[in-house]
Structures are given as C-alpha cells and as structure tokens.
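Lettering of chains follows the sequences in order, A, B, ..., and the numbering in each one begins at 1.
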Protein chains: 2
Amino acid sequence: MTITRQCFTYNCIREDFIQNTYMQILLKFKINESLFLRDPESSEVGKLIVEKGIDLIRDVGFERFTFKKLAEKINSTEATIYRYFASKYRLLIYILNWYWCYLEFVSKMSLQELGDSTQKLKLILEIITHNFDSDSQIVDYDLEKLHGIVISESSKAYLVKEVDEINQELVFSPLKSFCQFVGQVILQVNPKFAYPNALASTLLETAHDQHFFSEHLPKLADNKSKITHKKYVLNYLNFLAFSAINSYQ
Amino acid sequence: MTITRQCFTYNCIREDFIQNTYMQILLKFKINESLFLRDPESSEVGKLIVEKGIDLIRDVGFERFTFKKLAEKINSTEATIYRYFASKYRLLIYILNWYWCYLEFVSKMSLQELGDSTQKLKLILEIITHNFDSDSQIVDYDLEKLHGIVISESSKAYLVKEVDEINQELVFSPLKSFCQFVGQVILQVNPKFAYPNALASTLLETAHDQHFFSEHLPKLADNKSKITHKKYVLNYLNFLAFSAINSYQ
DNA sequence: TTTATAAAGATAGTATTACTATTATTTGTT
DNA sequence: AACAAATAATAGTAATACTATCTTTATAAA
C-alpha cells in the first residue's frame, strides 16, 4: 500500500487491490469545525497555510511562530490567515488533529491483515515511533516535519489553563479515540490488564519524550549504542509495553 | 522530620534527632547562576518575586503570566523584576531547578533509613507523586502550588527550539542528577536492567502526564474508582516501574 | 555627619505580537 | 456585464517583552 498525502487529503493507492491497476482512494479526515473559521481544505491558500505552517512551526518552534512570518512565506497577508484560523494555537491543534486521525487511520488499515493481537500492538508501536514501513512509502514530503512538531509541540496543545474549555469543543477527540483504540488492542493481549488507556497514552507520550531526550538530553535516555532515535524509542517502548502487559498483578 | 520552607531555603526540623529539642537546619540549594541576574535569595523583593511568581504562574498559566502582572502583585515594577531575571522563561527554569533539587534532597534524606532497594524505589515514587508523608508535614504553603506548576509547565522548560543552547548552561543538571539517582536505585533493584535513566525520566514525566490526564482528560487515564489523582498516579507508577524492572528480557 | 553606593521606584520608550477593521482589487459565476 | 466572494493592501490597537534613564531611598564607610 502506498499512501500519498495531498495537504490534508490522503491519496491511497492499493497496489495489491486490483492487479496492475492503480486504484486511488481519496480520504479526508473530518476535522472539528470549531478549529477553523474557514475550511483550509477548501482553497489553495488554505492548504498553503497548513502546509507551510507545519514547515515554519518546525523551523522556528511554536513560541516564535507568528502568522506574520507565515504570511510572508506564502506571499499573502496576516488578514488572510486570520480568516482561516482564529489563532496560531488553533492552527496547532488543527495540525495535531490531522496527525491523530492519521495515526488511527494507518493503524486500523495496517492491523486488518493481522490476527495476533501481540503483533498488532507491535505494529502500533512502529507506527507511533515512525519506524513503520508504509511511512517511508508515504510520498508526502512533510510527514517527517509533522513528526518533528508532534514530538516537541504536541503537549502544548493540552498543557494550558483553558484545557477544560477547549476540551468541551471536542478538539481532543481524535487523540482520545486513538488512545482508546490502542487500549482495546492492549486488552486483547491481556484482558485482565487494569490500565489500558493509561498505558496507551503513556506509550504515546513516552515515544515523544524519549525521542526528544535521546536527541537533546541523552542522560535522560539510554540510547547507549547510539542507534537512530526512532529505533531506540521503538525498542524501549516494546520493552515497556510488553513487560507491563505481561505482568499479571 | 518536619521541613519548613522559607522561600528557597529549607528549614529542616528533625524532631527525632535530639529528644524534645528542635534542631533547625537551614538548607540552601545552589541554583545555577546563569538563571538569574541578581540572586533572588539575597533580598526581600527577590524572594517575593519567586514566591508570588509561583502563585501567579499557577493561577494564570505560564503563557498568560507576565512580569507586569507580577510587579502589580508584589507592589513593585517590571524594571525591578528584570533586574533579577532576564525573562519569564528563566524564572520558570529557576523555579523548576529548585524543585528538582528538592526532589533529590528529600529522596536522599528519606532513603538513608532504608536498606531494601525495592522499598527505596517505592518511596521515590511516593515523593514524585507527592504522596509522601513528609510532604504533608512541610509547613510551607506553596509546595502544592509548586507541584501544580511542575505538572503543567515543566515540560515547557525543555520543549523549546533553544534547548541545546540552554542545556549548555547546565540548567538541566538538577533534573539529570535526580533521574540518574533514581536510575541507580533502579539498578540496585535489578542490576541487569537496560533502561535505568529512561525509566527514571519516564516515571517522572508519566507522573505529571497521568496526574493531568486524570484531572482534565480522564479518557487518557484509568482512574476508574475515582480515587485522588495522586493516589491513582502512585498506583499506576508502582505497577509500571516494577513490572518493567522485574521483567528480565 | 557627611558621603558614596547600591538597590529599588517611577517613568518613558521601542519593537514585536496578536489581533481587528476598512477599503480596493481580483476571480469566478449567472 | 453584473455580481458576489475571496483575497490583497493597508492601517490601527492593545498587550507583551523588553531597554533605558532618572530619582528616591536605605545602608554603610569615611
């Protein structure tokens, strides 16, 4: 399966589906409408805002990211961007919503072929650490950049004073949905397991933290053999997940 | 042991030390000098800046926290605060440095009395989740506020573009030092354990995340019986830590 | 007691940020 | 050809994150 992303639309070519025939399936993730004022997928400028927004947040960090700088990058104006997003914070959550939907989609697609729940969880860990085969097949250039944002900016989406208010707008539903999906796979591996959702969120957060630590604060990690950060995180998460799940309390 | 905090000085009364005699030990944590321009412990305004700074960050969140608002709270001016701290970001790291030093100090003090390394680790988990006996004996009113800041703001100290530059200033040394101390205790429990530092940092980060999730995004946690957030986090961390450590790979 | 000096207070000012508002221009549609 | 809708261009505001300067106050040495 080869997946091509066109901005926030998935272009899904299943080579195995019909022999010698490329079948394109266009997928759109329905993103919570409260996150934008005008649907960025509805126009070229809108797509540019999101696409180059990812680039810029990645390049300068969320704190230094401004709509003014983004406007310059896309040869447009601040006013135009404000017609799509009420604030840079909403744009960040929009991007993360897309990413969380992507995680759940790719997981569900890939897991269909697997019967063994242990193998399912292993595959999920590959997906969240971006050690996934299909990942490299994704033609879209900016999934790596997106992963970079997720690692260093995603917790800023919820670690704010207004968390309860914005949570009411359902903007964290895709994250919860993904974690609960992972939690169900965990329960398939061990139906007696007491912390399926907590472990799911811990694995996702730890994937980000340990990637960041391995790269920037190596004393907070144990990447001794200096393998790639992704590979190190995958090994560690596999160990953590299965030692927890297989320990009956 | 009763501990009283006076701003950034510990006032340590060991009741067991000499019967019926209160012995006061004043402790100061040496905070990295690059974090301040003028030592806030050297004056009353300085102490107020830190003390009321904790209050205000806790009340409005780090994003909305400004030196102007803080100046009003302490009946002083922005200019005065800027003479102590170059930015609100440096003040945050200063506060976190103090907290990380506190964690290591309280851990080392309490662990002296224990021989069994498993008991040591259990006690450390009590300390980082603030389920610790001495915690409630700490007369100082704002340790709870400090814990609140640590839960929702601490990752913002390192999740920034400039992490490598500020890391060179050694401002994360107390965090690394604490995690490595915990890592050594983990190795005492199981000398073959492959991820002592990673597990230590994971436990600390997970303590914050799960506390936050239990409170604000409960679907990302498993606090089913609705016990206190602290108690839930302690149970989960104990499970996570010992299933990892006792699983020989 | 005067005098130096260091901290703090009072005040002003700047560049940037995070917006909002207004008008003009372009673009596609009937 | 007329129309609406989106965008561009421009201006403006309040707040933020500072820097600078000058005055007052407290403290301590001469």
- Note on the structure: Comparing nearest nucleotides in DNA chain D, the 5'-proximal residue of the pair B:F65, A:S43 is A:S43
- Nearest whole angstrom, please: distance from the C1' of D:dA6 to the NZ of A:K47. 16 Å
- Task: Could you tell me the separation between the CZ atom of B:R90 and the C1' atom of D:dA17, rounded to a whole number of Å?
- Result: 15 Å
- Message: Tell me the interatomic distance from B:E72, atom CD, to D:dA15, atom P, rounded to whole angstroms.
- Response: 11 Å
- Note on the structure: In numerical order, the residues of residues 77-87 of chain A whose heavy atoms come under 4.0 Å of DNA chain C are A:E78, A:A79, A:Y82, A:A86, A:S87
- Task: Check the distance between C:dT20's P and A:F67's CZ and give it to me in whole angstrom.
- Result: 11 Å
- Message: Please report the distance, rounded to the nearest Å, between CG in B:D39 and P in C:dA6.
- Response: 17 Å
- Message: Does C:dA8 have OP1 or OP2 under 4.0 Å away from a side-chain N or O of B:R38?
- Response: yes
- Query: Is it the case that more than 12 heavy atoms not belonging to A:K219 sit under 6.0 Å from its NZ atom?
  - Reply: no
- Message: If I take atom CD1 in residue A:I74 and atom P in nucleotide D:dA6, what distance separates them, rounded to the nearest angstrom?
- Response: 16 Å
- Does A:K156 make a cation-pi contact with A:F62, if we ask for NZ or CZ under 6.0 Å from the ring centre and within 45° of the axis? no
- Task: Mind telling me whether B:H147 and B:H130 have parallel, tilted or perpendicular rings, with 30° and 60° as the class edges?
- Result: parallel
- Is the shortest side-chain N to carboxylate O distance from A:E72 to A:K69 below 4.0 Å? no
- Query: Contact class for A:K88 (heavy atom, under 4.0 Å): base, sugar-phosphate, or nothing?
  - Reply: sugar-phosphate
- Rounded distance in Å - NZ (B:K68) to P (C:dA10): 14 Å
- Message: Looking only at the side chains, is there a donor atom on one of B:Y99 and B:S154 sitting less than 3.5 Å from an acceptor on the other?
- Response: no
- Query: Please give, in whole Å, the distance from D:dA17 C1' to B:L92 CG?
  - Reply: 16 Å
- Query: Is B:K88 positioned over the aromatic face of B:F67, cation under 6.0 angstrom from the ring centre and no more than 45 degrees off axis?
  - Reply: no
- Message: Tell me whether the count of non-hydrogen atoms from other residues, nucleotides or ligands lying under 6.0 Å of CD in A:E33 goes above 12.
- Response: no
